[in-house]
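Okay, structure first, notes after.
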Amino acid sequence: MRVGVLALQGTFIEHIDILRQLGVEAPPIRLPCELGTLDGLIIPGGESTTMLRLMESFGLIEPIRDMARNGLPIWGTCAGMILLVKDVSNYEMETLRLIDAKVKRNAFGSQVDSFEVDLEIPLVGEEPFHAVFIRAPIIEETRPIVQILSRLADGTIVAIRQDRLLACAFHPEFTDDLRFHNYFLNMVRQKLSHNPEDRILRGSQLRL
Ligand code: GLN
């Protein structure tokens, strides 16, 4: 299994380390030609506007959109989540526009902009998940097609899934708890078991 990590800026090294611990090939992705043989992609935390600008200059936006439309599992953490959703309520920015949700950037304000909390995320396991929020966004609105995976105690939505796209407002790459990564890898495995020939096809398209 090969799960690429967008490596333009942000927490890509942390994601790559965890994927390698889990025995997954985890190439850093910087160029469109590196996307072709992936079974999944992670967009890390960082600064969404910087990442977006770099994605534009490296010509990554349309290729990633196309691969998502073709069913590539993609997971965005924090800034990565901002890049995946259709709308950002408090900034003008043209995201990848893949998940039917609206987020608010830097939603916890400047004083209390970082915190840690134990979250209930039933789909990753019964034990609470220790979640690290750093100048985090929140999810303000979702369309019915979007599955809500976790909320803060006050009801604020902080993790969502739409088909093969996963997004969370916090940073599982900053903890030793590998359950969220495992959850994403299971999405990738499911996709591979539905279309085993997919990888070979994508590989051969790239060579053409
Ligand atoms: N505040 C950042 C943004 O809006 C996200 C922060 C993060 O990824 N930790 O892009």
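Owing to the predicted nature of the structure, the values given are computational and were not obtained by experimental measurement. Nothing fancy with the numbering, it's 1 onward along the sequence. Both counts, for ligands and for their atoms, begin at 1 and track the order of listing.
- Where the criterion is an N or O separation shorter than 3.5 Å, residue side chain and backbone included, Cys78 fails it with respect to ligand 1.
- For atom 10 (O) of ligand 1, the candidate residues are Ala79, Ser48, Pro137, Gly80; the nearest heavy-atom contact is made by Ser48.
- Contact analysis puts His171 in contact with ligand 1, with a non-hydrogen atom separation below 4.0 angstrom.
- Given atom 5 (C) of ligand 1, the protein heavy atom at minimum distance is Gly46 O, 3.3 Å.
- Taking 4.0 Å as the cut-off between side-chain N and carboxylate O, Asp100 and Lys86 count as a salt-bridged pair.
- Every atom of ligand 1 is numbered from 1 in the order shown, and the set under 4.0 Å from a heavy atom of Gly45 is 8 (O).
- The residue from Lys104, Met51, Met93 that alone fulfils the side chain to side chain contact (heavy atoms under 4.5 Å, CB included) condition with Ile82 is Met93.
- Interface atoms of ligand 1 facing Ile134, defined by a heavy-atom separation under 4.0 Å, are 6 (C), 7 (C), 9 (N).
- The cationic atom of Arg53 (NZ for Lys, CZ for Arg) does not lie both less than 6.0 Å from the six-membered ring centre of Phe58 and within 45° of the ring axis.
- The distance criterion of under 3.5 Å between nitrogen or oxygen atoms is not met by Thr49 with respect to ligand 1.
- Within 6.0 Å of CD1 on Ile145 lie no more than 12 heavy atoms contributed by other residues, nucleotides or ligands.
- Between Ile82 and ligand 1, not a single N/O pair is under 3.5 Å apart.
- Regarding atom 4 (O) of ligand 1, its nearest protein heavy-atom neighbour is Arg105 NE, 2.7 Å.
- On a distance-only criterion, Thr77 and ligand 1 share no N/O pair closer than 3.5 Å.
- Using a 4.0 Å cut-off between charged side-chain N and carboxylate O, Arg69 and Asp66 make a salt bridge.
- A salt bridge links Glu62 with Arg65: the closest approach of a Lys/Arg side-chain nitrogen to an acidic carboxylate oxygen falls below 4.0 angstrom.
- Salt bridge Glu127/Arg179: absent, no basic N to carboxylate O contact under 4.0 Å.
- Close approach of ligand 1 to Asn106 (heavy-atom distance below 4.0 Å) involves ligand atoms 1 (N), 2 (C), 4 (O).
- For the atom pair NZ of Lys191 and CG of Asp163, the computed distance is 10.0 Å after rounding to the nearest 0.5 Å.
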